Structures are given as structure tokens and as C-alpha cells.
Amino acid sequence: MMDIQFDKEHLWHPYTNLSEPALTFPVVSAQGVRLKLEDGRELIDGMSSWWACIHGYNVPELNAALKNQSELMSHVMFGSLTHEPAIRLGKQLLEINHESLQQVFFADSGSVAVEVAMKMAAQYCYAKGQHDKKRFMTFRSGYHGDTFGAMSVCDPVNGMHHIFSRLLNQHIFVDPPRCAFDDDWDDKHIEPFKQAIAEHHHQIFAVIFEPIVQGVGGMFFYHPEYLRQIRMLCDEYDVLLIFDEIATGFGRTGTLFAYQHANVAPDILCLGKALTGGYLTLSAVLCHTDIGRGMDNNFMHGPTFMANPLACAVASASIDLLMKRDWRNQILLLEKQLKEGLLPCQSLPGVKRIRTLGAIGVVEMIKSVDTDDLVAAFVEEGVWIRPFAHLIYVMPPYIMQAEDVQHLCKSIYRVIKKRYP
Ligand SMILES: *Cc1c(COP(=O)(O)O)cnc(C)c1O
């Protein structure tokens with residue numbers, strides 16, 4: 001048996017404290033869409049391990065890529081050396097993204113990708129002689145990661161600003177998008193952004209936000225017209241545009257990248273999470289040739305594990321697998337199954353509204369839920385779902401079959417009904 005007591009006393013888990021350790025379940029293996037607990041129970045995974053494991057677990061093609069690469073070299077420094085896994089992955093990323101994105105920086109996690117993107121924007125503006133620029137602009141209710149630069153553009157109220165405010169740079173926050181993905185567009189929705197950029201463009205390097213899906217900050221799906229209008233405004237005012245697609249990339253929202261719903265491209269794009277199919281930590285920042293070639297100095301970033309060959313090899317295999325499978329139809333099917341499966345929840349008294357987009361299903365509750373309590377209730381139901389705040393949501397691996405999706409949705413219904421009568 002695992003030494004859970006040691007875990008409780010010594011190991012931090014995400015967003016927890018060690019004086020009141022959160023509930024944890026020992027997991028021993030994972031296969032397909034199922035996590036196997038130490039006591040033998042199997043759970044249908046509704047989380048894809050935080051957007052990452054899009055092909056499920058223990059995937060033969062990804063295992064093979066790792067094994068083959070590990071027998072060649074698991075790692076070499078990227079300073080003054082290069083290798084096939086990095087070149088191959090770079091080519092694939094350019095091929096599946098907008099043609100204007102031509103330069104690739106490999107970093108080690110989503111948060112670091114955001115740091116890199118922000119530094120790129122700043123260094124490029126300095127090179128252009130734009131010395132008045134000193135801030136970034138973003139939407140409220142955003143989430144971009146936990147490092148300092150990333151934290152500074154997370155939601156100022158629900159993010160970590162209240163703890164670290166004295167250490168964070170002050171940026172400009174605009175009211176979050178309010179027009180939902182399927183609602184009728186009205187130009188009044190862009191007014192707050194339009195006013196803010198008109199007022200502040202001299203001092204902003206770039207606008208940064210999550211296209212189409214505000215993730216942690218509310219799991220809200222907003223209208224693609226925001227992206228089109230913001231692209232135009234950024235061009236008009238000569239402000240760079242950064243999209244954080246760390247959660248939404250690689251098919252999750254029904255298009256390969258969420259920005260493709262709007263047919264506009266950012267100047268800088270952050271990718272992470274599902275990039276390696278959930279096998280290893282790796283992120284990538286793509287940018288325009290102008291930015292890549294427009295700096296008068298070296299770009300000052302270079303992590304030790306930059307372009308780690310194992311991570312690049314497994315990422316390549318994951319993209320190959322995605323392209324080989326009919327991902328578009330898999331996502332369409334999941335969207336339909338989630339929509340139908342979650343519909344009954346709408347009539348429960350604790351539920352505010354439900355929504356789905358691509359392979360994401362969200363039940364928004366009227367009040368915040370108790371994460372530990374609900375996680376335990378879901379485990380009793382044989383599913384792995386970890387709600388937070390007032391959101392119970394699933395984003396299953398793309399390979400999930402209809403009956404497992406139904407099981408997830410029925411479990412959500414039963415647990416809400418029981419806990420919030
Ligand atoms: C998860 C996430 C990040 C941070 O990525 P990490 O790999 O956890 O550092 C940044 N932006 C978005 C939109 C995310 O969902």
C-alpha cells in the first residue's frame with residue numbers, strides 16, 4: 001500500500017496547504033479512459049488530466065515514440081546543438097497553424113510559455129523603439145499560469161493578486177467577454193475593449209487572452225467575433241496580440257485551435273497541455289517572422305530542458321495520432337453526447353446553466369461547491385471529475401465511447417441531485 005501518510009505530511013498537491021491536506025486518491029495505473037486506484041476500483045476519466053491526455057492513457061503509439069527516443073537520447077542541451085525531434089515537431093506545428101506563424105520557441109510548461117510570449121512582445125517593442133510601452137492588457141476572469149508574469153495577467157480578483165499584489169506588475173484589465181459563443185453578436189460587446197485600447201495603446205506591448213474559452217476563470221465560451229474585432233483593433237493601434245491556447249489547442253473546442261473559429265491569427269501563440277498528449281511537460285510559443293527577426297538583441301530566454309527530445313518525440317507522435325484519427329468527428333460526436341447527457345441537469349435546483357463546446361461540458365452551479373466532497377462522491381460513482389468553485393465540468397479524452405460519456409453525465413446528474421436537493 002502507498003504511504004498516504006507521508007504524502008499528507010510532506011507532499012504539496014496543487015493549490016493546497018500542508019496544515020489541512022486535501023483529499024487524495026492513490027492511483028496505480030491508467031489505461032484508455034480509465035484510472036485504476038490502488039484498491040482496484042476503476043474510474044472513467046472526465047478530466048484528461050487537466051486538458052492534456054487527449055488520446056487517453058497508455059497509448060501504444062506514444063509509448064513507442066518515448067521508448068525509441070529514449071534509446072537514441074533522452075536529452076541533450078539545445079544550446080549550440082539541435083536534433084531531429086525538435087525539427088520535426090517544429091515543422092508539424094507550423095503546418096497545422098496559421099501561415100503567418102513561422103518561428104517556434106520550445107519551453108517547459110504552459111506558464112513558462114506565457115512568460116516567454118510576454119518577454120518576446122516586450123523585447124520586440126523595445127527593438128522598435130517603443131519605449132513608452134510598459135504594460136499588458138487582458139480580460140478579467142482570465143487564467144495564464146502561476147509564475148509571476150503569468151500571474152500578473154490572471155484575474156485580479158479571483159486569481160492570486162490578493163496574495164502577491166505587491167510583487168506583481170500592474171496591467172490593464174478589461175471587462176470579460178459577455179456574448180456567448182452561440183448568441184447573436186452586437187457591436188456593443190466590443191465597446192469596453194475598444195475604449196480601453198484607444199486609451200492605453202501607447203503603453204501596452206500586447207493584448208493577451210484565452211481565445212474562445214475562458215478556462216479556470218469561469219469555463220465561459222464566448223463569441224468568435226471578439227477575436228475578429230480585437231485583431232482589427234490591435235492592427236489599428238499597433239499593439240501585438242497574444243493568444244493563450246494552452247488549454248484549447250489540439251482540437252478541444254471543435255477546431256484544431258480555438259482561434260480558427262474566428263479565422264484570425266495572433267502575433268504570438270502559446271501552446272502546452274495537450275501538446276505531448278499528456279505524456280510530458282512541454283510548451284511552444286509560435287510567432288510571426290517580424291517578431292522573430294525583429295529583435296536587435298538575442299532573445300533572452302533558454303531553459304535547461306529546452307526542446308527536450310523525449311518530449312518533442314512524444315509530441316510529434318501525438319500530433320500524428322490526432323491527424324490520423326478523425327478528430328473532427330470524434331469531437332463533434334462528444335459534443336452531441338455531452339449536450340444530450342447533461343441536459344437533464346438543467347432542471348436541478350442547484351444548477352444555474354449548462355453549456356458545451358467541442359469536447360467540453362460544463363454545469364455551472366448557483367453556489368460554489370465543496371471540491372473534496374464532490375470528488376469523493378464522483379469516485380463512488382466510478383468517475384474522475386474534479387469540480388472547482390461553482391463549476392462541475394468534464395473534458396474527456398477524445399477516444400471516449402458513448403456509454404462512458406453517458407456514465408459521466410449520469411453521475412454528474414445523480415451527484416448534484418443528491419448533494420444539492
Ligand atoms: C494550464 C494553463 C496555463 C499554465 O500551464 P502550466 O503548464 O500549468 O504552467 C496557462 N494558460 C492556460 C490557458 C492554461 O489553461
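Count residues from 1 along the sequence. Given the structure is predicted, the values throughout are model-derived calculations rather than measurements. In each ligand, atom 1 is the first atom listed, and ligand 1 is the first ligand listed.
Each side-chain hydrogen bond (donor to acceptor under 3.5 Å, both in side chains) pair with one or both residues in residues 76-85, not counting sequence neighbours, would appear here, but there are none. Within the structure, side-chain hydrogen bond (donor to acceptor under 3.5 Å, both in side chains) pairs that include any residue of residues 162-180 comprise S152-H171 (at least two apart or interchain).
Listed by chain and residue number, the protein contacts of ligand 1 are S109, G110, S111, Y143, H144, G145, E210, D244, I246, A247, K273 (heavy atom within 4.0 angstrom).
Salt bridge status for R355 with D182: absent, with no side-chain N to carboxylate O gap under 4.0 Å.
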What pairs of donor and acceptor atoms, side-chain ones from residues 102-113 against any protein atom, are under 3.5 angstrom apart with sequence neighbours left out?
{"unit_1": "Q102", "atom_1": "NE2", "unit_2": "E99", "atom_2": "O", "d": "2.8"}
{"unit_1": "S109", "atom_1": "OG", "unit_2": "V112", "atom_2": "N", "d": "3.4"}
{"unit_1": "S111", "atom_1": "OG", "unit_2": "D146", "atom_2": "N", "d": "3.2"}

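For Y124 and F299, the ring centers are positioned 6.0 Å apart or more. Ring pair F243/F257: centre-to-centre distance not below 6.0 Å.
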